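Just follow the structure's listing: the first ligand is 1, and inside any ligand the first atom is 1. Here the structure is a predicted model, which is why all the values come from computation and not from measurement.
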Amino acid sequence: MTKRVAILISGGGSNMVTLADSMVGDHPARPCLVLSNVPDAGGLQKARDRGIPADVVDHRDFKGDREAFENALVSAIDPHAPDILCLAGFMRILTPLFITRYAGKMLNIHPSLLPKYKGLHTHARALAAGDAEAGCSVHEVTAELDGGPILGQARVPVRPADTPDSLAARVLEQEHRLYPAVLRRFASGDRTPIFLPWLSVPAKKG
Ligand code: GRF
């Protein structure tokens with residue numbers, strides 16, 4: 001039975017694009033919804049261009065009432081009957097109300113080698129610590145922020161001239177390798193973690 005995947009975004013949606021574009025052929029899942037909390041998120045048009053239903057629940061309409069915002073998210077999500085939710089650059093913290101509803105079927109990608117650097121500014125923190133490597137992690141979402149079981153990690157070298165932006169760009173390339181690989185395995189019912197070796201992605205031709 002093909003799994004239905006809802007993807008939550010807040011921005012450009014590069015991870016959403018790689019996930020959506022990976023769900024073809026004999027892939028056990030297909031995208032059923034792209035949902036953003038930001039009305040002008042660039043990822044929304046990319047979803048529509050791919051024929052994926054796209055919707056917005058603007059968190060600003062709920063003025064800090066997290067429960068009302070999350071109930072609105074649920075109302076937007078559930079008609080699409082997803083089997084899996086992928087948080088992909090979704091920048092709102094979710095409460096146990098929402099997390100419990102989708103327990104066991106919600107994934108997130110975080111731009112650090114968890115459990116290191118939970119929360120924000122991960123690349124600046126890795127550089128400040130003088131780490132020799134950085135990377136990204138896909139994990140199941142639990143009530144602990146960035147704390148659920150790890151389903152995959154990809155590593156990148158940190159270079160002497162790196163800035164948070166240059167490191168973020170190197171990590172993002174690996175996010176685009178890791179998340180689709182983890183989703184495919186997760187959608188097939190396999191929770192065995194995936195650890196990707198460092199592989200610099202060739203610059204896009206043309
Ligand atoms: C990226 O920095 C990524 O590390 C994190 O969310 C940010 C935006 O990603 N997961 P995207 O391009 O919107 O997928």
Side-chain angles (χ1 to χ4, degrees), residues 5-23 29 31 33-50 52 54-59 73 84-94 99 106-128 131 133-142 144-158 162-184 186 194 196 198-201 203-204:
V5 178
I7 306 172
L8 277 63
I9 67 170
S10 297
S14 71
N15 275 292
M16 176 277 294
V17 167
T18 52
L19 289 174
D21 290 352
S22 75
M23 289 187 263
L33 172 66
V34 171
L35 180 61
S36 176
N37 64 298
V38 176
D40 60 350
L44 289 166
Q45 188 55 50
K46 295 171 189 168
R48 295 185 184 110
D49 292 347
R50 286 164 169 78
I52 304 169
D55 202 352
V56 174
V57 176
D58 189 340
H59 64 279
L73 288 177
I84 299 170
L85 272 68
C86 288
L87 307 182
F90 185 70
M91 302 307 278
R92 304 300 296 172
I93 290 177
L94 296 164
I99 291 167
M106 185 156 57
L107 309 182
N108 180 45
I109 189 158
H110 181 75
S112 79
L113 294 173
L114 292 172
K116 292 181 82 170
Y117 312 128
K118 297 178 180 178
L120 298 173
H121 312 304
T122 61
H123 305 304
R125 291 155 68 190
L127 292 173
D131 292 352
E133 62 177 13
C136 51
S137 307
V138 176
H139 62 94
E140 284 191 53
V141 176
T142 63
E144 183 194 350
L145 179 67
D146 299 329
I150 298 286
L151 294 173
Q153 289 192 317
R155 294 171 182 273
V156 303
V158 176
D162 267 331
T163 64
D165 286 348
S166 64
L167 183 54
R170 192 173 311 124
V171 170
L172 191 61
E173 286 177 348
Q174 301 306 313
E175 291 180 36
H176 296 163
R177 292 177 65 214
L178 179 66
Y179 214 168
V182 169
L183 174 61
R184 184 175 184 124
F186 188 82
I194 296 175
L196 296 181
W198 162 236
L199 176 67
S200 69
V201 176
K204 286 189 173 43

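Close approach of ligand 1 to Glu175 is summarised as follows: ligand atoms under 4.0 Å from at least one heavy atom of the residue are 3 (C), 4 (O), 5 (C), 10 (N). Close contacts between ligand 1 and Gly12 involve ligand atoms 13 (O) [criterion: under 4.0 Å to a heavy atom]. Close contacts of ligand 1 with Ile109, meaning ligand atoms under 4.0 Å from a residue heavy atom, involve 10 (N).
Taking all heavy atoms of Ala41, Gly42, Ser14, Pro111 into account, the minimum distance to atom 12 (O) of ligand 1 is reached by Ser14. If you check each of Gly13, Ala88, Gly43, Gly89 against atom 6 (O) of ligand 1, the one with the closest non-hydrogen atom is Gly89.
Under 3.5 Å, the side chains of His176 and Ser14 contain a donor-acceptor pair of N or O atoms.
For atom 2 (O) of ligand 1, the protein comes within 4.0 Å by no heavy atom at all.
Taking both residues in full, the closest heavy atoms of Asn108 and Asp146 are given as ND2-OD1, 3.7 Å, listed atom of the first, atom of the second, then distance. Contact detail for Leu178 and Ile194: the closest heavy-atom pair is CD1-O, 4.0 Å. Scanning all heavy atoms of the two residues, the minimum distance from Tyr179 to Leu107 falls at OH-O, 3.2 Å. Smallest separation of non-hydrogen atoms from Leu114 and Ser137: N-OG, 3.0 Å. Here the shortest heavy-atom pairing between Val38 and Ser10 reads CG2-O, 3.4 Å.
Using a 4.5 Å heavy-atom threshold, the side chains of Tyr117 and Asp131 count as touching.
Heavy-atom separations between Ile9 and ligand 1 are all 4.0 Å or longer.
Regarding atom 9 (O) of ligand 1, its nearest protein heavy-atom neighbour is Asn15 ND2, 3.8 Å.
Neither the backbone nor the side chain of Met91 has a heavy atom within less than 4.0 Å of ligand 1.
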